[in-house]
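On a predicted model such as this, the values are computed, not experimentally measured, just so you know.
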Amino acid sequence: MSNASNNLSTKNMAISGSPTLAIDAKFKELKANGEDALGFGVGEPDFDTPLHIKQAAIKAINDGFTKYTPASGTLTLKKAICAKLKNDNNLDYTPAEIVVNNGAKHSLVNALSAILNPGDEVIIPAPFWVSYPEMVKIADGVPVVLPTTEENNFKFTLQDLKNKISAKTKAIIINSPSNPTGMIYTEDELRDIADLAVEKGIYIISDEIYEKLIYNGKHVSIASFNDQIKDLTIIVNGVSKSYAMTGWRIGYTASNAQIAKIMSNIQSHMTSNPCSISQAAAVAALEGDQSCVDEMRAEFLKRRNYVVEAINKIPQISCLNADGAFYVMINISKVFGTTLNGVKINSATDFCNALLDAKKVALVPGEGFDAPNYCRMSYATSISTIEKGIARIDEFLNGR
């Protein structure tokens, strides 16, 4: 290594790449080479962005809405977000408390950067979305993993949480519905978490990006319980998952005005502003006909039902019935120590690589989610693709 390399950022050299994007890149390479590969890796709805949203973007382009906007987003979009939060979540926010970002990933990094000082701890329940620990590190914090079990539906108990809190705990990340497990915290569970956070003065980063994809019941935001927990909560949401707008890159936060101001200042130097055209499209998404969301959710429910039933018919593997989002965590621990297609399977990574090589099916190994006995399957793809994919998994496991 050169002397120049020795002087590179120690912190950022320790940041690992996203395993979900890595498996997707390998899948896309197979597809580009003409292989009949099936991808269940990336969390991206396969639906097209609804027409009225695309038309709003085209209108914005034709109207010349192509210049800088305020760093934290247009007033029009902020007002639409405030109305959404009031109508859907019974939460009162002002535009000054909303920051529009370049996707919910950007929202999370801004939120962590706004509240963390070097050495502050952030509690992250596992299995977790792969980016959370790396985002905490980017913001000079220390990720503290809170393990959960399948027996408890991948959710922690209040005592589990208490056991992880220390004098350095600054925040807890709550992701409900969850990526990668699809689990949802009940209102009673969230109230207990909120009471403890208020008692300890701990921030809640509430990642609600899958809010619209719940299959039984209605989403409850932890910020809605009282003013004390609302003041400590940074809500993270966006339009990517609910409106099939992943590439448009619009996320947003809702927080107290002081935190919002810090995030806005950070963003003003890092990105100037979110894309003006995408902001106009997001207004149309939030204010327009919501039947598109209902239609997509209904289709995801059909897919979930098929996936859960089909996976659990294969003796060597199993999965829980996801309550939301569009993922299941497949328990593959029974195949560890066995040989499949000439490959000794000692880990989820071994399993996923061997499956991709043998059957051209892309799943995400669980190590990146701190779930080494599992792999994640996204059902954000067509039923026909899902049927073929699970059939190939069955063939792989049973030597056909």
Look at K218 together with D88 and state whether they make a salt bridge at an N to O cut-off of under 4.0 Å.
no
Point-to-point distance, once rounded to the nearest 0.5 Å, from CD1 of I204 to OG1 of T233
6.0 Å
Less than 3.5 Å apart, any donor N or O on the side chain of W248 or S240 sitting next to an acceptor on the other?
no
I'd like to know if the side chain of R376 pairs up with that of N179 as donor and acceptor (distance under 3.5 Å, no hydrogens or angles considered).
yes
Do the charged groups of K344 and D350 touch, with an N to O distance under 4.0 Å?
no
So with a 6.0 Å cut-off around CZ of F369, is the heavy-atom count from everything else above 12?
yes
What about I214 and L301, same hydrophobic cluster or not, with Ile/Leu/Val/Met/Phe/Trp/Tyr joined at side-chain heavy-atom distances under 4.5 Å?
no
So, applying side chain to side chain contact (heavy atoms under 4.5 Å, CB included) with L158, which one of N163, D192, D195 is it?
D192
May I ask you to say whether K26 pairs ionically with E29, meaning some side-chain N is under 4.0 Å from a carboxylate O?
no
Side-chain H-bond candidate by donor/acceptor type, Q290 with Y243, under 3.5 Å
yes
For the pair D36 and R392, find out whether any cationic side-chain nitrogen is under 4.0 Å from an anionic carboxylate oxygen.
yes
Less than 6.0 Å separating the ring centroids of F351 and Y374?
no
Test H219 against every option in K212, E211, E208, E187 by the side-chain hydrogen bond (donor to acceptor under 3.5 Å, both in side chains) rule and name the one that passes.
E208
Take atom CD of E35 as the centre, draw a 6.0 Å sphere, and report whether it contains more than 12 heavy atoms from other residues, nucleotides or ligands.
yes
Look at the rings of Y210 and Y327 and say which category their plane angle falls in: under 30° parallel, 30 to 60° tilted, over 60° perpendicular.
perpendicular
Cluster overlap F326 with F27, hydrophobic side-chain contacts below 4.5 Å:
no
Salt bridge check: are E189 and K155 linked by an N-O gap of less than 4.0 Å?
yes
With a 4.5 Å cut-off on side-chain heavy-atom distances among I, L, V, M, F, W and Y, is there a chain of contacts connecting I235 to I222?
no
Using modelled atom types and a 3.5 Å cut-off, is there a donor and acceptor pairing between side-chain atoms of D160 and backbone atoms of T157?
yes
Any ion pair linking R297 and D294 (charged N to carboxylate O, less than 4.0 Å)?
yes
Go through the side-chain N and O atoms of S382 and S384 and say whether any donor and acceptor fall under 3.5 Å apart.
yes
For S72 and K78: C-alpha separation, side-chain torsions, deciding distance, then whether side chain to side chain donor-acceptor pair (under 3.5 Å) applies.
CA-CA 9 Å; S72 59; K78 289 185 176 188; 2.6 Å; yes
Out of curiosity, D370 CG to Y132 OH, how far, rounded to the nearest 0.5 Å?
14.0 Å
So that I can tick it off, tell me whether D394 and K313 are bridged by a salt bridge, with the cut-off set at under 4.0 angstrom between side-chain N and carboxylate O.
no
